[in-house]
Amino acid sequence: MAYIRKFKTTSGATGVQVCYKEGNRVVRTVHVGSGESEMAVEKLVKKAREIIERERGTKPMFDLSRFDKK
């Protein structure tokens with residue numbers, strides 16, 4: 001199972017990672033990037049979704065793009 005993790009970095013920016021779990025254990029993380037502004041973080045989350053979709057080789061169960069701020 002993969003999910004997107006957002007966290008605060010020591011510099012105060014917001015980091016975005018794609019985390020992969022097996023059972024209750026995180027087995028792999030992919031750092032997508034970190035952003036200072038809300039717009040930058042939104043772009044990173046969108047990129048993280050694309051990474052998850054590409055690795056699954058399928059389209060997501062739900063289309064969440066309508067919730068993206070433009």
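Hydrogens, waters and symmetry mates play no part in the numbers below; they use all other heavy atoms, side chains included.
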Q.
With side-chain contact (heavy atoms from CB on, under 4.5 Å) as the criterion, how do Glu38 and Glu42 come out once you've worked through the C-alpha distance, each side chain's angles and the decisive distance to 0.1 Å?
A. CA-CA 6 Å; Glu38 190 175 319; Glu42 289 175 13; 3.4 Å; yes
(Q) Run the side-chain contact (heavy atoms from CB on, under 4.5 Å) test on Val16 and Arg5 for me, step by step, so that the C-alpha distance in whole Å, both residues' side-chain angles and the decisive distance to 0.1 Å come before the verdict. (A) CA-CA 6 Å; Val16 178; Arg5 175 179 179 250; over 6 Å; no
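- Nearest heavy atom pair, residue Ala48 against residue Val18, reads CB-CG2, 3.6 Å.
- Between the CD atom of Glu22 and the CZ atom of Arg25 there is a distance of 10.0 Å, given to the nearest 0.5 Å.
- Across Leu44 and Gly33, no two heavy atoms sit closer than the pair CD1-C, 3.6 Å.
- The two atoms that bring Gly15 and Thr9 nearest to each other are N-CG2, 4.0 Å, heavy atoms only.
- Between Lys21 and Val27 the shortest side-chain heavy-atom distance does not fall below 4.5 Å.
- Both Ile4 and Val30 are members of a single hydrophobic cluster when ILVMFWY side chains are connected at heavy-atom separations under 4.5 Å.
- Gly35 and Ala13 get closest at one heavy-atom pair: O-CB, 3.5 Å.
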